[in-house]
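In what follows, chains are A, B, ... by sequence order, proteins preceding strands, each numbered from 1.
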Number of protein chains: 2
Amino acid sequence: MIDRLNLPSSLKTRDADVLVRRATLDDLQAIIELLSDDPISSGRGDVANDEDRPAYAAALTRIIHDPGNELLVVNRDEAIVGTLQLTIIPGMARRGSTRLLVEAVRVASAARSSGIGSALMRWVVERAAIDLEAALVQLTSDAAREDAHRFYRRLGFVDSHVGFKYQVTLPASAAW
Amino acid sequence: MIDRLNLPSSLKTRDADVLVRRATLDDLQAIIELLSDDPISSGRGDVANDEDRPAYAAALTRIIHDPGNELLVVNRDEAIVGTLQLTIIPGMARRGSTRLLVEAVRVASAARSSGIGSALMRWVVERAAIDLEAALVQLTSDAAREDAHRFYRRLGFVDSHVGFKYQVTLPASAAW
């Protein structure tokens with residue numbers, strides 16, 4: 001939990017007001033389903049299998065207890081229609097700038113094109129980054145997500161960097 | 001400081017053994033100089049100006065006290081010839097995988113092509129990531145750093161993502 005984030009917060013979208021708030025363990029199933037509701041995530045193994053539930057629960061517990069991380073969910077009426085993770089990162093580069101990293105942005109397929117994603121990302125750059133005194137907001141997006149790239153460019157993000165990933169083979173005892 | 005990192009650690013390079021260890025406030029000037037010893041960083045304002053020293057000192061203090069961040073320096077004999085920052089990030093995606101983010105990789109211009117960078121990055125993916133049970137190591141590299149991209153690919157990193165940045169205009173009172 002990132003203490004300094006001013007939450008919950010109500011956001012206006014074209015269709016309705018939505019509420020962005022901190023995720024709790026009660027949101028576990030809804031978040032697992034949001035992750036699997038995306039072809040690229042499901043291709044990486046996020047397919048909402050029952051056997052993966054303990055690993056997701058452990059991860060959510062770690063995020064909730066981490067002072068530099070926040071998992072957010074977006075409620076529309078009673079349903080959870082979006083999620084993203086924020087990580088606050090102190091840094092030396094750019095004259096000691098603090099960065100805000102955005103990961104795992106997902107909007108439920110049934111709620112896409114309703115303005116929820118842009119309301120949420122605008123809240124990140126216009127409100128959360130200011131509250132956290134973060135001079136830079138950064139994220140990476142899979143090269144295949146061309147619609148997402150247009151979306152981020154429209155919001156004022158600049159695709160100045162190449163994002164590299166390295167898959168680590170962990171010893172079996174370390175796997176959750 | 002990330003407790004679970006096994007440091008200091010001795011690394012073999014082609015020319016000599018080097019020592020990777022946690023940065024302290026005594027390393028401030030050396031780190032500021034390393035950041036400025038790079039055309040892309042200096043183009044973003046990291047030019048080792050005396051007036052920026054308090055901002056860098058505050059940033060280094062924040063990193064040292066942050067349980068999810070570690071600033072590393074590489075010593076060859078008495079000189080500091082490299083630096084990088086690690087951030088450990090719990091996450092839901094990829095079945096609850098923890099990620100290790102690498103930022104601000106710099107090797108002193110006088111020490112480049114000596115194998116220090118690859119020894120350091122191999123230590124990150126083969127040792128640090130295992131110690132931290134991180135299934136994924138990720139970084140972004142400025143699109144202009146083509147040599148760096150070849151370097152990361154040779155180490156086994158895959159450039160599967162696009163890295164987006166958004167520059168935030170902070171209120172004057174929040175600037176350090």
Side-chain angles (χ1 to χ4, degrees), chain A residues 31-32 35 41 44-46 52 55-56 58-60 62-63 66-69 71 85 87 89-99 101 103-104 125 129-130 133-143 149 152 155-168 170-171 174 176, chain B residues 31-32 35 41 44-46 52 55-56 58-60 62-63 66-69 71 85 87 89-99 101 103-104 125 129-130 133-143 149 152 155-168 170-171 174 176:
Chain A
I31 297 166
I32 291 172
L35 286 176
S41 292
R44 293 178 193 138
D46 289 314
D52 294 329
Y56 288 118
L60 182 53
R62 282 194 293 273
I63 296 168
D66 191 310
N69 280 276
L71 194 68
Q85 182 173 345
T87 307
I89 305 176
M92 293 294 285
R94 302 175 192 237
R95 291 184 282 186
S97 289
T98 294
R99 293 160 189 240
L101 175 70
E103 289 272 0
V125 298
I130 305 291
E133 298 178 9
L136 197 73
V137 177
Q138 65 184 46
L139 60 87
T140 69
S141 179
D142 193 291
H149 303 170
Y152 290 124
L155 288 166
F157 281 80
V158 179
D159 53 339
S160 53
H161 283 62
V162 180
F164 288 89
K165 311 273 173 185
Y166 182 101
Q167 202 84 41
V168 178
L170 293 177
W176 292 286
Chain B
I31 296 165
I32 292 172
L35 286 176
S41 292
R44 294 179 194 138
D46 290 313
D52 294 330
Y56 286 119
L60 182 52
R62 282 194 292 273
I63 296 169
D66 190 310
N69 281 275
L71 193 69
Q85 182 174 346
T87 307
I89 305 177
M92 293 294 285
R94 300 174 192 237
R95 290 184 283 184
S97 289
T98 293
R99 293 161 190 240
L101 175 70
E103 289 272 0
V125 297
I130 305 290
E133 298 178 9
L136 198 74
V137 177
Q138 65 185 46
L139 60 88
T140 68
S141 179
D142 193 291
H149 303 170
Y152 290 124
L155 288 168
F157 281 81
V158 179
D159 54 339
S160 53
H161 282 62
V162 180
F164 288 88
K165 311 272 173 184
Y166 182 101
Q167 203 84 42
V168 178
L170 293 177
W176 291 285

Taking side chain as everything from C-beta outward and backbone as N, CA, C, O, which of these in [X] sits under 4.5 Å from a heavy atom of chain B? Side chain, backbone, both or neither.
X        : value
A:Ser141 : both
A:Ile31  : side chain
A:Leu155 : backbone
A:Leu60  : both
A:Asp66  : side chain

### Task
Return the option, out of A:Leu101, A:Ile32, A:Ile89, with the maximum number of heavy-atom pairs under 4.5 Å with chain B.
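Among the listed options, the one with the most contacts to chain B is A:Ile89.
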### Selection from A:Ala129, A:Pro67, A:Gly91 maximising heavy-atom pairs under 4.5 Å formed with chain B
A:Gly91
### Query
When you measure from the side chain of A:Asp46 to the backbone N and O of B:Arg94, does any donor-acceptor pair fall under 3.5 Å?
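Yes, the answer is positive, given that a donor and an acceptor are paired below the 3.5 Å cut-off.
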### Task
Report yes or no: does B:Arg62 contribute a side-chain atom to a donor-acceptor pair with the main-chain N or O of A:Gly96 at less than 3.5 Å?
yes
Among [options], residue most engaged with chain A (heavy-atom pairs, under 4.5 Å):
options                              : result
B:Ile63, B:Thr87, B:Leu35            : B:Ile63
B:Arg44, B:Arg99, B:Gln138, B:Met92  : B:Met92
B:Gly45, B:Ala59, B:Ala143, B:Ala135 : B:Ala135

### Message
Using the rule given for side-chain contact (heavy atoms from CB on, under 4.5 Å), can you reason through A:Tyr166 versus B:Leu139, listing the C-alpha separation, both sets of side-chain angles and the distance that settles it, and then say yes or no?
### Response
CA-CA 9 Å; A:Tyr166 182 101; B:Leu139 60 88; over 6 Å; no
#### Entry: Where B:Ile130 and B:Val125 come nearest, the two heavy atoms and their spacing
CG1-O, 4.5 Å
#### Entry: Any residue meeting side-chain hydrogen bond (donor to acceptor under 3.5 Å, both in side chains) with A:Asp52, in chain and number order, not counting sequence neighbours
none
### Message
Under the rule for side-chain hydrogen bond (donor to acceptor under 3.5 Å, both in side chains), what residues qualify as partners of A:Gln85, not counting sequence neighbours?
### Response
A:Asn69
[X], part contacting chain A, at a heavy-atom distance under 4.5 Å:
X        : answer
B:Ser41  : neither
B:Leu136 : both
B:Glu103 : side chain

### Task
List the steps and the verdict of ring-ring contact (aromatic ring centres under 6.0 Å, His included) for A:His149 and B:Phe164.
CA-CA 9 Å; A:His149 303 170; B:Phe164 288 88; 5.5 Å; yes
